[in-house]
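Worksheet for the structure shown next.
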Amino acid sequence: MESTDAGDVSGTTVQCPAGTFKGLREGGAVQFLGIRYATSERFGAPVPYRYPEGVHEMATPCPLAIQESSRLGMQMSGVDVDAIPQEESCQYLSVTVPEGSAGKLPVMIWIHGGSFESLGCDLMSFDRVPLATECGVIVVGIGYRLGVLGFLRDREGKLCNNGILDIIEAVRWVKENISAFGGDADNITLFGESAGGEAIRCVMLAEGTEDLYRRAIIQSAPLTVMTGRGPMEQKMLEELNRMPIDASIDEVKRVQASIASHVTEKGPPKYMKFGPRYGVYPLPDESAIPDRIRSIAKDHDLIIGSTEREVAVFISLRKAIVAMDRFVLTRWLIERVIRKKSLSMFTEPCEGFARKYAELGGKVYLYRFFWMKDYDYIGACHTSDVQLLFGSKGLQGMDISMGKTEAETLEEGRPMRRMWAEFARSGEVPETELEGILRIGRVKLRYTVPNV
């Protein structure tokens, strides 16, 4: 057996408080896949998990949370989730460590998106190896409960945030164990996109999390859909509470689909039906968010931003609209809608949060991502930034890949990976532009976003 000394990652076996784990070598990194960090009963809070004595081989990717396949999900991830193992108690994480590192590396925890309904941390399009090996950082991906199992009710039938509690428990696991993998437990950065970005904001605002991480990167978080959700969620909760608590997984899926189909709200919340509820533990009321920001901002650096044409990806399944965007006489109209919706749902709320964070004492950088913005109808769309961070495994040939090969996307993403990793390392962003990718700037109280 190889060395298990704390902080020694020259081998593939690590001993930490949670257990002793044997990983596998891949592309210059050691991967520890599918480590359970907690368990839970249905609708219950997560309970920390510790492995029994002995060496546990961690070579199987994390199972997905319970979810249904969708055309949009396949478009954005390149996989059919029905073909991947799913588990109701899905509290697993995976750790990717650069091989042969000397220890005390910055740690980056990835929180995946998917509207709090879909995807998972070990999908092939979230390949952590390039970021870890190129930039000398440890990258952790975490899984958490989704849909009605994670974001609607507790054991007593009341509103809850179990999915957020899962994420917090995973971050706590990293804080307690990552030094054995060679990571710096005092230099942890959370980063995530879309629902993952909103989840990071929730961790930041949640009660008692301030010592679990140092920095955060929020990408394309749909902050505007997280307000005014009370009436919608109450109706959803009433319908879910009519389901027996021990219903089969097939019945859970059927009820979730029924609940989603009965949503009649006209405002932004309808675009993300399941998600965190402010004012329910561990999250503050919406009115108390500024006070919570004031208490954490000076100690936690932040990057936040959005893509230039966020909502373009959501028209991809509507062939008539795609055709109009490609036709010169109607393209202006579709582009006007895309810009207006992207600004109102993503860009402007992110800018507002960035300004508030700066006003209340935080160091925050605001960015706008515009890679491939002129490519067909889908350039610089929602999730296109994720491709530059992780590559585009499984996406080649699909519209979302924008005509790039996997190798081309991976190569073009190097500058962004370096920038994100440097921020994780030092809290600094020395550049103001990555040519052809994004512009970024330190937020001042009168900061305006540069034209792109």
Side-chain angles (χ1 to χ4, degrees), residues 70-79 112-115 117-119 125-126 192-198 218-225 268 270-272 304-351 366-392 394-405 408-409 412-413 416 434 436-440 449-452:
S70 70
R71 291 175 63 197
L72 182 60
M74 290 189 67
Q75 160 81 338
M76 297 169 75
S77 68
V79 299
H112 72 81
S115 297
E117 289 187 66
S118 62
L119 306 184
S125 55
F126 298 149
E193 186 267 350
S194 191
E198 168 59 23
I218 297 175
Q219 302 172 218
S220 299
L223 305 186
T224 189
V225 308
K270 70 179 181 180
Y271 295 114
M272 195 157 67
I304 187 170
S306 61
T307 73
E308 179 74 359
R309 302 176 69 254
E310 292 276 4
V311 304
V313 72
F314 302 112
I315 72 172
S316 61
L317 303 180
R318 302 185 180 187
K319 294 182 180 179
I321 297 179
V322 171
M324 290 177 67
D325 194 61
R326 287 170 169 164
F327 185 48
V328 64
L329 296 181
T330 51
R331 179 175 172 81
W332 69 271
L333 176 61
I334 302 302
E335 287 301 308
R336 183 177 178 181
V337 172
I338 289 173
R339 180 168 179 79
K340 182 177 180 181
K341 285 287 188 181
S342 297
L343 284 171
S344 65
M345 289 184 64
F346 295 93
T347 302
E348 290 172 348
C350 285
E351 290 176 10
L366 182 64
Y367 75 88
R368 187 80 65 83
F369 180 93
F370 53 87
W371 180 64
M372 301 292 290
K373 70 174 183 176
D374 296 321
Y375 183 85
D376 203 4
Y377 74 93
I378 205 167
C381 68
H382 198 65
T383 76
S384 55
D385 52 338
V386 177
Q387 293 185 56
L388 292 194
L389 288 175
F390 297 107
S392 57
L395 301 179
Q396 187 169 316
M398 302 177 67
D399 285 354
I400 194 74
S401 70
M402 291 173 279
K404 300 286 186 180
T405 65
E408 288 171 337
T409 301
E412 292 184 31
M416 187 171 178
L434 298 180
I437 297 176
L438 61 81
R439 292 197 179 107
I440 190 167
V449 179
N451 292 326
V452 294

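We're numbering straight along the sequence, starting at 1.
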- Check side chain to side chain donor-acceptor pair (under 3.5 Å) between Arg318 and all other residues, then give those that pass, not counting sequence neighbours. none
- Message: For a quick test of reading the model, state the closest non-hydrogen atom pair linking Ala195 to Pro222 and the distance between them.
- Response: N-CD, 4.3 Å
- Note on the structure: Residue set satisfying side chain to side chain donor-acceptor pair (under 3.5 Å) with Gln396, at least two apart, ordered chain then number -> none
- With sequence neighbours left out, what residues match His382 under ring-ring contact (aromatic ring centres under 6.0 Å, His included)? Phe314, Phe346
- Message: Ser392: which residues meet the side-chain contact (heavy atoms from CB on, under 4.5 Å) condition with it, sequence neighbours left out?
- Response: Gln387, Leu395, Glu406, Thr409
- Item | Residue pair Ile315 / Ile334: nearest heavy atoms and the distance that separates them | CD1-CG2, 4.3 Å
- Message: Going by the rule salt bridge (Lys or Arg N to Asp or Glu O under 4.0 Å), which residues pair with Arg331 if we only count those two or more places apart in sequence or in a different chain?
- Response: Asp325, Glu335
- Message: Using the side chain to side chain donor-acceptor pair (under 3.5 Å) criterion, which residues pair with Tyr375? Sequence neighbours excluded.
- Response: none
- Is the number of heavy atoms from other residues, nucleotides or ligands under 6.0 Å of Lys340 NZ greater than 12? no
- Message: Please enumerate all residues that pass salt bridge (Lys or Arg N to Asp or Glu O under 4.0 Å) together with Lys404, with sequence neighbours excluded.
- Response: Glu412
- Task: For Asp376, check salt bridge (Lys or Arg N to Asp or Glu O under 4.0 Å) against everything at least two apart and list the hits.
- Result: Arg326
- Query: Any idea which heavy atoms bring Cys350 and Leu366 closest together, and the distance?
  - Reply: O-CD1, 4.3 Å
- Item | Set of side chain to side chain donor-acceptor pair (under 3.5 Å) partners for Ser384, sequence neighbours left out | none
- Query: Is there a side-chain contact between Tyr367 and Asp385 (heavy atoms, below 4.5 Å)?
  - Reply: yes
- Item | salt bridge (Lys or Arg N to Asp or Glu O under 4.0 Å) involving Glu310 - partner list, sequence neighbours excluded | none
- Query: Quick one: are Ile437 and Phe370 in side-chain contact, heavy atoms under 4.5 Å?
  - Reply: no
- Closest non-hydrogen contact found for Ser125 with Ser77 is OG-O, 3.7 Å
- Message: Go through it in stages, so that I can follow the logic: the residues are Thr307 and Ser220, the test is side-chain hydrogen bond (donor to acceptor under 3.5 Å, both in side chains), and I'd like the CA-CA distance, side-chain angles, deciding distance and then a yes or no.
- Response: CA-CA 7 Å; Thr307 73; Ser220 299; 4.8 Å; no
- What's the shortest heavy-atom distance between Gly197 and Ala221, and which atoms? C-CB, 3.9 Å
- Message: Are Trp371 and Met416 packed together at the side-chain level, in the sense that at least one heavy-atom pair is separated by less than 4.5 angstrom?
- Response: no
- Message: In the structure I gave you, are the side-chain heavy atoms of Met324 and Tyr377 within less than 4.5 Å of one another anywhere?
- Response: no
- Query: Do Arg368 and Glu351 sit within salt-bridge range, that is, some charged N less than 4.0 Å from a carboxylate O?
  - Reply: yes
- Message: Do Gln219 and Leu389 have side chains that approach each other closer than 4.5 Å (heavy atoms only, starting at C-beta)?
- Response: yes
